[in-house]
Chemist: 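Below is one structure. I have some questions about it.
Everything numeric in this text was worked out from a predicted model, so none of it was measured.
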Amino acid sequence: MDIINLKDTKAFTTKDGSTIREILAFRNSCIVNQSLAEARVPAGSATAEHKHPKTEEIYYILEGSGTMKIGEETQTVRVGDGIAIPPGEPHKIWNTGSEDLVFLCMCAPAYTDEDTILLE
């Protein structure tokens, strides 16, 4: 049984510039086909626009507010919003609030830098 507490994970910066703590993935558990991480974007910051050719993502906003861009569409996001990001779609999230924008990021297959293409 693999149970990982967020407090027991180490933060690292992904290729898009967000700081994440990977909760479950092939790197630390029996999970092989997906990953779950907490991501943080500081106030006034944003991720780099990027895409994942193979990976579909779900963001779930836990704290803060921001603006999400997927393809050519942008929309305001807030606590409680779930965001579907299909494989291959360019995307970026801005923190428009005064506190950290915190969200869960679920990826299938699991997140890797190799499946991340920076667009800016």
Chemist: Are side-chain heavy atoms of Leu36 and Tyr60 found at a separation under 4.5 Å?
Modeler: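 Not touching, per the 4.5 Å side-chain cut-off.
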
Chemist: Show the nearest heavy-atom pair for residues Thr55 and Cys107, with the distance to one decimal.
Modeler: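 Minimum heavy-atom contact is CG2-CB, 3.6 Å.
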
Chemist: Can you measure from OG1 (Thr116) to OH (Tyr111) and round to the nearest 0.5 angstrom?
Modeler: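 Here the rounded value is 3.5 Å.
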
Chemist: So, for Thr96 and Gly66, which heavy atoms are closest and what is the spacing to 0.1 Å?
Modeler: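 Closest approach of Thr96 to Gly66: OG1-CA, 3.3 Å.
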
Chemist: Is there a side-chain contact between Phe12 and Thr19 (heavy atoms, below 4.5 Å)?
Modeler: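 No, every pair of side-chain atoms sits at 4.5 Å or beyond.
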
Chemist: Within this structure, what is the CG-CZ distance for the pair Leu101 and Arg78, rounded to the nearest 0.5 Å?
Modeler: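 If we round to the nearest 0.5 Å, Leu101:CG and Arg78:CZ are 13.5 Å apart.
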
Chemist: Ion pair present between Arg40 and Asp100, side-chain N to carboxylate O less than 4.0 angstrom?
Modeler: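 Salt bridge flag = yes for Asp100 with Arg40.
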
Chemist: Side chain of Asn95, backbone of Val41: donor and acceptor closer than 3.5 Å?
Modeler: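 Such a contact is found between Asn95 side chain and Val41 backbone.
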
Chemist: Please check if the side chain of Asp115 supplies one atom and the backbone of Lys54 the other of a donor-acceptor pair under 3.5 Å.
Modeler: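 Here the side-chain-to-backbone pair exists.
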
Chemist: Could you tell me which non-hydrogen atom of Ala110 sits nearest to which non-hydrogen atom of Ser35, and how far apart they are?
Modeler: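 Between these two residues, the closest heavy atoms are CA-OG, 3.6 Å.
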
Chemist: Please tabulate, one pair per line, all N/O donor-acceptor pairs under 3.5 Å involving side-chain atoms of residues 83-94, not counting sequence neighbours.
Modeler:
unit_1, atom_1, unit_2, atom_2, d
His91, ND1, His50, O, 3.4
His91, ND1, Glu89, O, 2.9
His91, NE2, His50, NE2, 3.0
His91, NE2, Glu57, OE1, 2.8
Lys92, NZ, Glu120, OE1, 3.3
Lys92, NZ, Glu120, OE2, 2.9

Chemist: Evaluate the side-chain proximity of Glu49 to Lys69: yes if any heavy-atom separation is below 4.5 Å, no if none is.
Modeler: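 Result yes, sub-4.5 Å side-chain heavy-atom pair found.
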
Chemist: Assess whether side-chain contact (heavy atoms from CB on, under 4.5 Å) is satisfied between Thr76 and Asp81, documenting all intermediate values.
Modeler: CA-CA 10 Å; Thr76 299; Asp81 285 344; over 6 Å; no

Chemist: How long is the gap from NZ on Lys15 to OG1 on Thr13, to the nearest 0.5 Å?
Modeler: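 Reported to 0.5 Å precision, the distance equals 14.0 Å.
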
Chemist: When you measure from the side chain of Glu38 to the backbone N and O of Arg21, does any donor-acceptor pair fall under 3.5 Å?
Modeler: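 Not confirmed, Glu38 side chain does not pair with Arg21 backbone.
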
Chemist: Within a radius of less than 6.0 Å around CD of Glu99, do more than 12 heavy atoms belonging to other residues, nucleotides or ligands occur?
Modeler: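 Yes, CD of Glu99 has more than 12 neighbouring heavy atoms, counting only those of other groups under 6.0 Å.
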
Chemist: Using modelled atom types only, decide if a donor and an acceptor are shared between the side chain of Asp16 and the backbone of Leu118 within a distance under 3.5 Å.
Modeler: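 No, Asp16 side chain to Leu118 backbone: no donor-acceptor pair under 3.5 Å.
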
Chemist: Is a side-chain donor or acceptor of Ser29 paired with a backbone partner of Leu24 at a separation under 3.5 angstrom?
Modeler: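 Absent.
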
Chemist: From His52 NE2 over to Asp113 CG, what is the distance, rounded to the nearest 0.5 angstrom?
Modeler: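 Here the rounded value is 9.5 Å.
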
Chemist: Rounded to the nearest 0.5 Å, how far does CE of Met68 lie from OG1 of Thr47?
Modeler: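 Rounded to the nearest 0.5 Å, the OG1-CE separation comes out at 7.0 Å.
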
Chemist: Same cluster or not: Tyr59 versus Val102, using hydrophobic residues (I, L, V, M, F, W, Y) connected whenever any side-chain heavy atoms lie under 4.5 Å apart?
Modeler: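 As far as the 4.5 Å side-chain criterion goes, Val102 and Tyr59 are not connected within one cluster.
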
Chemist: Working to the nearest 0.5 angstrom, can you tell me the gap between Ile58 CD1 and Phe103 CZ?
Modeler: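 Going from the CD1 atom of Ile58 to the CZ atom of Phe103 covers 13.0 Å.
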
Chemist: So which atom in Asp2 and which in Cys30 form the shortest heavy-atom distance, rounded to 0.1 Å?
Modeler: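 Minimum heavy-atom separation between Asp2 and Cys30: OD2-N, 2.7 Å.
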
